[in-house]
Every structure is written in C-alpha cells, then in structure tokens.
Protein chains: 2
Amino acid sequence: MATDAPTKRERTLARLIETGLELFERQGYDETTVAQIARTAGVTEMTFFRHFPSKESLLLDDPYDPLLVAAIGRQPIDLPPFLRAVRGIREAWRAVPDPDQPMIRRRVRIAATTPSLRGATWRSTGNTEHAIVGRLVADGASDHDARIAASAVLAALVAGLFAWAEDETAGLATSIERALDVVDVECVVHEADAAEPAEARDA
Amino acid sequence: MATDAPTKRERTLARLIETGLELFERQGYDETTVAQIARTAGVTEMTFFRHFPSKESLLLDDPYDPLLVAAIGRQPIDLPPFLRAVRGIREAWRAVPDPDQPMIRRRVRIAATTPSLRGATWRSTGNTEHAIVGRLVADGASDHDARIAASAVLAALVAGLFAWAEDETAGLATSIERALDVVDVECVVHEADAAEPAEARDA
DNA sequence: CCCCGAATGTTAGTGACTAACATTCTGGCA
DNA sequence: TGCCAGAATGTTAGTCACTAACATTCGGGG
C-alpha cells in the first residue's frame with residue numbers, strides 16, 4: 001500500500017496538513033496565511049501550492065466518492081432517483097471506518113464554523129455530484145432529474161456533517177442518518193396515516 | 001418608489017451591472033477583471049467595490065427572500081418541514097414577474113457556465129437559507145431538521161435554475177416546478193395514480 | 001448661491017495564486 | 001560506493017481581488 005517508507009513528498013504533505021489544521025483551529029481559517037502555514041512547516045509558500053491547488057483544498061480533499069456511487073447503484077432501480085441517492089448515501093456512510101472520524105471531525109468543524117468556507121465546501125462536492133449523476137443516469141434517470149437529486153442529497157449530507165461536527169456527543173453514522181431522514185420523507189408521510197408523521201423530534 | 005429621478009448612485013450602479021454582465025457574457029467571468037468593468041463603466045476600481053462587496057455579488061444579488069419565506073409559512077403546518085419548504089418555494093416562484101426573467105436568465109446562465117462560480121452561488125443562498133430556517137423553526141421544526149431541509153431545497157432550486165438557464169425553450173415557473181418534483185417525492189410515489197404529476201420530460 | 005455630505009478618486013498595501021527559471025536533494029542504477 | 005536524472009524545493013516577479021486612509025469633486029437643498 002503506502003504504509004512503508006513515506007517518500008519525501010508524502011512527508012512534506014503530511015506536515016503541511018497537520019500544521020495547517022492546527023493553525024486553522026488555533027487562530028481561525030481566514031486569519032491564517034498560506035505563507036504562515038508554509039513557514040511553520042519549514043517550506044516556502046510556493047511549495048505549498050505545489051501540494052495543494054488552493055488554500056481551501058488543504059481542508060477538503062475527500063476520497064469517499066467511489067463508495068457512495070457504488071452504494072447508490074445498489075438501491076432498488078424502481079425507486080425515484082432522489083430516494084435512491086438518499087438511501088445509497090445512508091448505506092455508504094454507515095460503513096465509514098471509525099479511526100477516520102476524529103480527522104474528519106476536525107476538518108468539518110473548521111469548515112462549519114468558517115462562513116467564507118461554506119461556498120468552498122459546496123464547490124468541493126462538485127466531483128461527488130458528478131459521480132452520482134453518472135450513476136443515476138446510467139440506471140435510467142434523466143439528466144435533469146439526476147442533477148437535481150444529486151445536488152439536493154449532497155446539500156442534506158453536508159448540512160448533516162456540519163450539525164455532527166458541532167455536536168460532540170453525536171456519532172457520525174447516526175447524525176448522517178438523522179439528516180437524511182429529514183429529506184427521505186416518503187414513508188413517513190403516506191405509508192399509511194398511521195403513526196403521527198414527524199413526531200418525537202429532538203428538544 | 002424608485003422609478004422617478006434615478007440618483008447618481010443608482011445610475012452608476014446600473015451602468016456597472018450592465019457593463020459587467022456584458023463583459024462576462026462576451027469574454028467569460030474569470031477572464032473579466034474588476035478593473036476592466038470599472039474602466040469600461042467610466043469609474044475606478046475602488047468605486048466598483050463601493051457598490052458591490054465583491055466581484056461575485058454583481059451577479060447574484062437577489063431580493064426574493066421575503067416572498068419565499070411567506071409562501072413557506074402558508075403551507076400546512078402538519079407537513080414535514082422539508083415538504084413545506086419544497087411546496088412553499090414552488091408556490092413562490094410561480095409568482096415571479098415575467099419582465100424580470102430575461103435579466104435573471106442572463107445572470108443564472110453566467111453562473112451556471114462558470115465552474116468557479118458554483119461555490120459562490122451556493123454561498124449566496126446563505127441569507128435565503130437562514131430566512132427559511134427561521135420560518136420553519138418558528139412553525140415548530142427543530143433547528144437541525146430546518147437547516148437540513150433548507151439546504152436541500154435550495155440546492156434543488158439552484159440546480160433547477162441552472163437547468164432552466166441552459167434551456168432556451170423552457171419557462172421559468174415550469175422549470176422550477178419540474179425541479180421540485182424530483183425532490184417532492186411523496187406525491188409522485190404514493191399520491192400517484194391521480195393525474196400524472198411530472199410529465200412532458202425533456203428531449 | 002453656497003455649502004454639506006454623498007460619490008468618487010488616489011495611493012499604498014495584503015493575501016491568494018501563477019509563471020519562469022535556478023538550485024538542491026533523493027533514490028535507483030552502474 | 002559513487003554518480004546522475006529527475007523530483008522536490010527555492011527565488012523572483014507578477015496579476016488580481018479586496019481593503020484602508022486620505023484627498024477631491026459634485027450635486028442638491030437651504
């Protein structure tokens with residue numbers, strides 16, 4: 001894999017990420033300069049941009065796309081695209097390995113508490129969105145519907161991640177699931193008027 | 001109102017908007033410099049920033065929030081928050097005045113075709129999102145649910161606007177409605193059987 | 001007509017990011 | 001082991017969005 005003998009590039013990159021996160025946490029994202037991160041990590045500003053295309057990208061490089069897409073593909077094909085996406089994401093995030101969670105939390109928390117990063121977070125979902133659209137279309141959805149479904153689901157997911165990051169006591173899987181419930185309305189409402197629609201909410 | 005005797009500030013602002021849009025359309029957003037817009041409009045770069053807080057904001061200042069919020073408030077209170085938001089927005093956009101549409105289209109089209117603006121577009125919905133959350137919470141939804149519902153709806157709306165901007169033949173209200181149908185899954189799935197909900201798909 | 005404040009201009013600076021070119025360092029191969 | 005190609009880094013100089021502080025002009029109401 002990559003666990004033996006980290007090459008020089010990898011070591012510099014790890015150092016940049018670590019110092020970057022630390023500085024962001026200590027003094028805020030906007031108040032932290034790329035030059036400062038670089039200097040603290042013992043390199044040049046130029047070197048920073050050789051490892052990351054932008055300041056933002058230090059925070060939000062996520063490699064989970066393939067799992068999402070696969071899980072969506074596994075949902076019943078006769079479901080509306082939006083619900084397939086919702087449930088696929090639900091299933092995929094259930095499987096996120098525990099050890100990754102602290103690091104994810106650090107990153108998400110910074111993004112969630114930095115207004116100027118809200119937009120960036122959204123843009124960074126571009127790749128994921130594209131992947132989801134591809135899957136949905138391949139399974140028969142129209143391009144139009146797929147794009148809207150993907151956007152909406154990812155928005156719910158991101159909002160759920162933000163909520164999770166702010167709540168120390170919450171587990172990742174549970175938080176995501178609660179978020180997707182808000183949007184996965186079908187069964188709640190009509191699968192019989194039995195059982196009051198949206199009760200038993202939080203405090 | 002404001003239709004009589006446009007003050008100097010208003011005239012400069014109108015000139016900046018017009019030249020800005022023109023330049024964006026002719027040579028692209030990223031290729032257009034704030035200095036160039038200002039110069040073409042006969043003012044200084046500094047003056048530009050006295051009228052807009054950022055380059056982006058020339059494109060995406062929209063004043064429709066209050067109508068949205070009001071329409072959402074009008075939805076049945078026993079509906080899940082997400083569906084209230086979806087249907088409120090549907091209702092509100094039905095009422096957008098025709099004369100505004102060409103200008104909206106110009107703006108949305110530029111945003112839709114400029115990758116670097118995707119994030120900005122999303123961030124610009126921040127105010128709207130906040131307003132929607134406020135309405136939903138005031139009507140009894142939890143903060144958590146309201147935030148997720150608002151994010152998801154707005155994502156669907158923006159995706160719908162993008163689709164509309166790219167399709168010359170589509171009407172605004174219809175496009176929005178088709179977009180919200182993707183996400184307003186309840187009736188499609190269960191209310192079904194009665195009157196096909198979202199027919200007349202694209203080519 | 002004059003004057004106060006709004007609108008604009010000027011200058012100077014910061015920070016993210018890029019391009020072109022020079023230097024050092026590393027890892028694999030002879 | 002020693003050497004060398006190429007990777008990794010440094011240097012310099014520049015562009016563009018955006019801000020701050022201060023000077024100037026212009027417009028409309030008294």
Side-chain angles (χ1 to χ4, degrees), chain A residues 2-21 23-24 26-61 110-111 114-121 123-124, chain B residues 2 4-21 23-24 26-61 110-111 114-124:
Chain A
T3 349
D4 50 49
T7 157
K8 178 171 195 179
R9 181 175 185 83
E10 288 167 336
R11 269 183 288 122
T12 323
L13 189 131
R15 232 165 49 230
L16 281 173
I17 292 184
E18 188 45 38
T19 43
L21 289 187
L23 289 173
F24 290 163
R26 266 223 304 278
Q27 54 185 33
Y29 177 87
D30 287 328
E31 291 68 36
T32 303
T33 265
V34 168
Q36 188 187 5
I37 301 175
R39 188 161 28 85
T40 310
V43 294
T44 301
E45 191 182 348
M46 190 68 251
T47 296
F48 178 97
F49 286 109
R50 289 224 177 76
H51 288 266
F52 302 97
S54 70
K55 183 183 174 185
E56 303 164 4
S57 62
L58 189 148
L59 259 189
L60 28 79
D61 271 332
I110 297 170
T114 306
S116 63
L117 273 176
R118 287 188 55 99
T121 304
R123 176 173 56 251
S124 88
Chain B
D4 50 51
T7 158
K8 178 171 194 178
R9 182 176 183 82
E10 288 168 336
R11 269 183 288 121
T12 323
L13 190 131
R15 232 165 47 230
L16 280 173
I17 293 184
E18 188 45 39
T19 43
L21 289 187
L23 289 173
F24 289 164
R26 266 223 304 277
Q27 54 185 34
Y29 178 87
D30 287 328
E31 290 68 36
T32 302
T33 263
V34 168
Q36 187 188 5
I37 300 175
R39 188 161 28 83
T40 311
V43 294
T44 301
E45 191 182 349
M46 191 69 252
T47 296
F48 178 97
F49 287 109
R50 288 223 179 78
H51 288 266
F52 302 98
S54 69
K55 183 182 175 185
E56 303 163 4
S57 60
L58 188 148
L59 259 189
L60 27 79
D61 271 332
I110 296 170
T114 305
S116 63
L117 274 177
R118 288 189 53 99
T121 304
W122 182 244
R123 176 173 55 248
S124 88

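Numbers restart at 1 for each chain; the letters A, B, ... are given by sequence-line order, proteins then strands.
The CZ-C1' distance, from B:F48 to D:dC18, rounds to 11 Å in whole Å. Rounded to a whole Å, the CD atom of B:E10 is 15 Å from the P atom of C:dA6. The CZ-P distance, from A:F52 to C:dT18, rounds to 14 Å in whole Å. Summarising the geometry, the separation between CZ on A:R9 and P on C:dC25 is reported as 18 Å, rounded to the nearest angstrom. Counting to the nearest Å, the C1' atom of D:dT15 and the CD atom of B:E31 are 14 Å from each other. One interatomic measurement links the two molecules: CG of A:L13 to P of D:dT9, which rounds to 9 Å at whole-angstrom precision.
Set against C:dA16, D:dT11, D:dA17, the side chain of B:K55 has D:dA17 as its closest nucleotide. Between C:dC17, C:dT10, D:dT9, one nucleotide has an atom nearer to the side chain of A:E45 than all others, and that is C:dC17. Checking D:dT9, D:dC18, D:dC26 against every side-chain atom of A:K8, the shortest atom distance belongs to D:dT9.
Judged purely by atom type and a 3.5 angstrom limit, A:Y29 has no side-chain atom pairing as donor or acceptor with the backbone of A:P115. At least one donor-acceptor pair under 3.5 Å links the side chain of A:S54 to the backbone N or O of A:S57. One N or O on the side chain of A:T19 and one on the backbone of A:L16 form a donor-acceptor pair closer than 3.5 Å.
Below the 3.5 angstrom threshold, one finds a donor paired with an acceptor across the side chain of B:R50 and the base of C:dG9.
Residue contacts shown for B:S57 are absent, as no nucleic acid heavy atom lies under 4.0 Å away. Among the heavy atoms of the strands lying under 4.0 Å from A:T33 are primed sugar atoms or P, OP1, OP2 only; no base atom is included.
Contact check, B:T7 against C:dA6: no side-chain N or O comes under 4.0 Å of OP1 or OP2. Residue B:H51 places at least one side-chain N or O closer than 4.0 Å to OP1 or OP2 of C:dT8. The side chain of A:T47 places an N or O atom within less than 4.0 Å of a non-bridging phosphate oxygen (OP1 or OP2) of D:dG10.
Between atom CZ of residue B:F48 and atom NZ of residue B:K55 there is a gap of 8.5 Å, rounded to the nearest 0.5 Å.
The two residues B:E45 and B:A35 have their closest heavy-atom pair at OE1-CB, 4.1 Å.
Each of B:D30 and B:M46 was assigned the nucleotide of DNA chain D with the nearest heavy atom; the assignment lying further toward the 5' end belongs to B:D30. Two residues, B:R11 and B:F49, neighbour DNA chain D, and the one matched to the more 5' nucleotide by heavy-atom proximity is B:F49.
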